[in-house]
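Each remark here refers to the structure printed beneath this line.
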Amino acid sequence: MDLIRQIWTESGIYQISGGQIAMIAVCLLLLYLGIVKKFEPLLLVTIGFGGLLSNIPGVEIATGNGLLHLAYEVGIETGAFPLIIFMGVGALTDFGPLLANPKTLFLGAAAQFGIFATLLGALGLTQLGLMDFSLREAAAIGIIGGADGPTAIYVAGKLAPHLLGAIAVAAYSYMALVPLIQPPIMRLLTTEAERQIEMVQLREVSKVERVVFPLLLLLLVALLLPSAAPLLGMLCFGNLMRECGVVDRLSDTTQNALINIVTIFLGLAVGSKLGAEQFLDWSTLSILILGMVAFSIGTASGLLMGKLMNRLSSTPINPLIGAAGVSAVPMAARVANKVGLEANPQNILLMHAMGPNVAGVIGSAVAAGIMIMFAS
Amino acid sequence: MDLIRQIWTESGIYQISGGQIAMIAVCLLLLYLGIVKKFEPLLLVTIGFGGLLSNIPGVEIATGNGLLHLAYEVGIETGAFPLIIFMGVGALTDFGPLLANPKTLFLGAAAQFGIFATLLGALGLTQLGLMDFSLREAAAIGIIGGADGPTAIYVAGKLAPHLLGAIAVAAYSYMALVPLIQPPIMRLLTTEAERQIEMVQLREVSKVERVVFPLLLLLLVALLLPSAAPLLGMLCFGNLMRECGVVDRLSDTTQNALINIVTIFLGLAVGSKLGAEQFLDWSTLSILILGMVAFSIGTASGLLMGKLMNRLSSTPINPLIGAAGVSAVPMAARVANKVGLEANPQNILLMHAMGPNVAGVIGSAVAAGIMIMFAS
Amino acid sequence: MDLIRQIWTESGIYQISGGQIAMIAVCLLLLYLGIVKKFEPLLLVTIGFGGLLSNIPGVEIATGNGLLHLAYEVGIETGAFPLIIFMGVGALTDFGPLLANPKTLFLGAAAQFGIFATLLGALGLTQLGLMDFSLREAAAIGIIGGADGPTAIYVAGKLAPHLLGAIAVAAYSYMALVPLIQPPIMRLLTTEAERQIEMVQLREVSKVERVVFPLLLLLLVALLLPSAAPLLGMLCFGNLMRECGVVDRLSDTTQNALINIVTIFLGLAVGSKLGAEQFLDWSTLSILILGMVAFSIGTASGLLMGKLMNRLSSTPINPLIGAAGVSAVPMAARVANKVGLEANPQNILLMHAMGPNVAGVIGSAVAAGIMIMFAS
Amino acid sequence: METSLLDQGITLMLVGMGTVFVFLTVLVIGMSMMSAIAMRFMPGMTDVDATDEEIAAITAAIAQYRNHTKK
Amino acid sequence: METSLLDQGITLMLVGMGTVFVFLTVLVIGMSMMSAIAMRFMPGMTDVDATDEEIAAITAAIAQYRNHTKK
Amino acid sequence: METSLLDQGITLMLVGMGTVFVFLTVLVIGMSMMSAIAMRFMPGMTDVDATDEEIAAITAAIAQYRNHTKK
Ligand code: NA
Ligand code: NA
Ligand code: NA
């Protein structure tokens, strides 16, 4: 009889809290978005399932010596997982469009305004007494505006680990929602005529430029902003392996087995931060709202910079590609392409938008370096 | 001269013990079974070689900072390796046959009687004064009857790490010997007429069912038996990645590079527990005998449940598929198919036997959860 | 204003030291050798880039909790990475040519004289008061003569971790320079007639011999020289997985995903030892010079042994294949083949040179075992 | 009075097998309900295993190739 | 007098955006110079993406195969 | 009297080279015996490298494909 009572008192039905039920619903929603809506499935499926596991009552999975907590300690507290993902992103990224048209880096720069505006928003909420975010927390929240998952996780892990779950969920959710969030802003801030602008075809980029680019970027980071060196250094390393042509087997593994393995454990580890006590908090709600604001401001400032550059430049620039400066690779570039096609069926912007798109990755990492330097 | 003497006193010839020679012979036998007889080669080759390394005298491999001991600490003490293997098993498993015929879960349930009978047997030996097994040790030994390698290693690592080598060797050896152990029991407990029974073809299973199944199983575990959640949760995660269709690259890596890497180090780490002092003990002999008993009882109870279900069910059920309920995927299902074919050359039981076969994996994990809950 | 000053004082331009600039140049040279000259690119690219990252001022990458330092602690201090690479080398190595002609093991033995001569050279420099190497340090430097990267890293990690960067760079650089270093020595020490010698075709080797060989080697190591067992044991394990034919999926992963992942992190971790303070030292210069001497002596002693065996043997032996005994697989064998072809266009030595080439790997690991035994 | 180890074992066996059966029974019920719902509301979503001959041929060739090269 | 949190935020925003722009401007200049040098001294080294039809066909077949088996 | 470092080195060299040669000599003997036994009792088990042209063609195609895509 004692044993049966023990089974009962240790069962989920007996122990489960309302918060855990709510979080299970949230995680099933993330899984729904990933599986049925196909929004950022690699991360939403792994984070969502990790979150489910973390809300099973009375068992050590996301705590103590549980597998998810170990993955968190090994991979996120040390920063190793986001850095390895960044290496994989480097190995997967073609910087050719950026090399063909370096000016698009300014679009990637402008879109980072979303990051700093959101930082300010979070501090504003604190000033108003609505929330109580420290500078470190505000900086970690702002980075959602970078629209770059590993960067957000890396910064949150360093500056505000207790908010990591909410920040990662916000970052990936909004990256997933890019096709819904961006088009209205794009239509609002650009004229039909601007959206119809066709751009001149990109020049071919030589192998030498491709190989030298990651080394050039690394040297500039080393000289100007060492605090961004871990993130950008791993990005450059992955890209050098990709482009140098002599270590294809390493590049291949980095793009496949390695990034996949790390993605699985990164997702589960982030999911371990979706425990009910941690996640169901007013700060999560503010983070979700601020993240949305960050995305919108980033998109808008990228677009406005695009309009400005179009005026100043000798060759025509379609401002829509400025919206791709928020990163969210490659979704934001695809959205720019799609909205451009609606205005002008001859208008293939995809490759042009890839320039600001990858520039946004670099821009966010630079912003992350500044945040880490000042806020820590 | 001193140096030459040092070489001599540190040589294996000088230092080796009789126990180590015996264990080297045991490990060569495991390698022979794996390589020549092709019995569970993935584990018997890695465990066998790990065992060889562990019995080299006077060198730090399976102890201290040696690679095998590090693998043991990192992967087995934490439970990480068996859980990752379970994720891989989930990604490799097709639950379609079980979804097409859920009743076969009862066959997987019945076969778990082998586990509890063996637990009782181990305690009986203690009662008789022949051995001195605690409840925890008896529970860890019983799980051999689950015929599921990672489950056995996970439970032994938690409840009786000092017996892990013997338990793992027993589990994999008997899984390897399924084609020899099961047929006589099957012929003894079923009539020729029963073995000839043909079963109706399985219905097709929809993608929705396949995707929802791992989530349903996880929710039931969460509500009813959280202590089984780590094992079954990882199984469900792997299976969801397989079936959801949007993270094929993760599923692919889980089924290949990841499970292979972990298998190598799991095998070596288990091998590190085959040191002579630990393994050459009366308890190992009892564990080997009890493991054999566990397998036989599990097979028998699965068969008897099959006979019962055949009587009660409207559609015919060939009792042979009950023997597949012990797990040992997919060997036990193949054995059921083979014995069925001998009685009736038209009788293709393979897919029907896959249902109880994977049900046995779930059943063993549930039993493991109960063991861990009570015995720890 | 404070913030801008902080950016300035934390920038690389402000903080960088002359030593760091010099090391960045050295690392760019390593990258040049790897990428443009295609010298040992797998290691020179990863080590070179790791070295670049390690010389970025004021940021935690190669120290503390930085990713490269973690890789060093996890993989090199424990010896795990070189051992896993050795497992991969075993899985990639065909011992067929050695099995067909076991006598070529003597060539692999003779070439190890480079190791011990260099050890003596390092101690000689100390005796002369030019340097101050301890016996452990001298042993670690000597192993460069083994021309085997993972062995050198393993031994240096155990005996002289502070010299690891210089030793690894020297080992891989000279392995890369084999096509330049060896031919003059080969032409100096052999006559035209000797270089023209054609060898009889190798016999076919049976699968049984291939499977038994790694077990035989392991048993001999266990009995005679257990201190070499970690290195040779992992080599044998990888080779057994390759040859046994029943664990192809493990062998496949070992040869690809696993060795590639470990190579990436091994390279980065070695690169973390290229910090300016550590590397820019007179000892590095002596190590580079001694390493060159080691290579040359190893090549010469292999050649001389080849000449001796040619005299004593009934079947003709081309002394050039003795130079392949230094390891540097497969480059040294290709060089022997090329120099042989120059003397006699019908003379295909490649497969004959693979025997001493892989024998050199075994020989170096044996020498490493002796070093570790005595010097630690 | 202390319960003997064997008594504990017997209790554990009864409760354990009971739990296994209860759990799997609930799972059978859950699966049956889920399948009924799925088939009712989302019919026609059964798996189609596209196996045109061409793919089969290439599959076989690749399998042969892999077995061959893996060695 | 203590600077308020909001003031710190504003400063960080200004300095941060400034740094981002300065850094990316320097990068634009560096890339342009690098490209100019590369095109001047090493012309004709543009990428050639060899895509004969045969490879394309096999690629497609393998992709189909992989999608098919991965499931 | 303390042995000098150099003396230690010389001893280590002699003993080391000796051990290398002894070990590899024993290995040569072991391998020869093993091969003799294997060839005597299990003749005809030499490797057969099945290389029908079809596989070779596909191998080449796949290698080309991989080189092409890896980039
Ligand atoms: Na961004
Ligand atoms: Na089972
Ligand atoms: Na060597």
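Worth knowing before you read on, the calculation uses all heavy atoms, side chains too, and leaves out hydrogens, waters and symmetry mates. By convention in this document, chain letters (A, B, ...) are assigned in the order of the sequence lines, proteins followed by strands, and residues within each chain are numbered from 1. Predicted model, so just to flag it, every value in this text is computed and none were measured.
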Report which part of B:Thr46 has an atom under 4.5 Å of a heavy atom belonging to chain C: side chain, backbone, both, or neither. both
So which residue, C:Val211, C:Leu215, C:Leu225, ends up with the most heavy-atom pairs under 4.5 Å with chain B? C:Leu215
Taking side chain as everything from C-beta outward and backbone as N, CA, C, O, which of these in B:Leu70 sits under 4.5 Å from a heavy atom of chain C? Side chain, backbone, both or neither. side chain
State whether a side-chain donor-acceptor pair under 3.5 Å links C:Glu137 with C:His162. yes
Could you grab the distance from atom CG of C:Leu67 to atom NE2 of C:His69, nearest 0.5 Å is fine? 11.5 Å
Out of curiosity, C:Leu98 CG to C:Phe213 CZ, how far, rounded to the nearest 0.5 Å? 5.5 Å
About how many Å separate OH of B:Tyr174 and CD1 of B:Ile181, when rounded to the nearest 0.5 Å? 6.5 Å
Run the side-chain contact (heavy atoms from CB on, under 4.5 Å) check on C:Gln255 and C:Arg242 step by step: do they pass? CA-CA 9 Å; C:Gln255 292 177 32; C:Arg242 169 197 176 89; 4.2 Å; yes
Can you tell me which portion of B:Leu42 sits under 4.5 Å from chain C's heavy atoms? Options are side chain, backbone, both or neither. both
Within this structure, what is the CG-CH2 distance for the pair C:Leu224 and B:Trp8, rounded to the nearest 0.5 Å? 9.5 Å
Sort B:Leu258 into side chain, backbone, both or neither according to what part of it lies under 4.5 angstrom from a heavy atom of chain C. neither
With a 4.5 angstrom heavy-atom cut-off, which part of B:Phe265 approaches chain C: side chain, backbone, both or neither? side chain
I'd like to know which of B:Asn55, B:Ile61, B:Leu68 tops the heavy-atom pair count under 4.5 Å against chain C. B:Ile61
To the nearest 0.5 angstrom, please state how far the CD1 atom of C:Ile47 sits from the NZ atom of C:Lys273. 13.5 Å
Of the backbone (N, CA, C, O) and the side chain (C-beta and beyond), which part of B:Ile13 lies under 4.5 Å from a heavy atom of chain C, both, or neither? both
Please classify the contact of C:Ile370 with chain B as side chain, backbone, both or neither, using a heavy-atom distance under 4.5 Å. neither
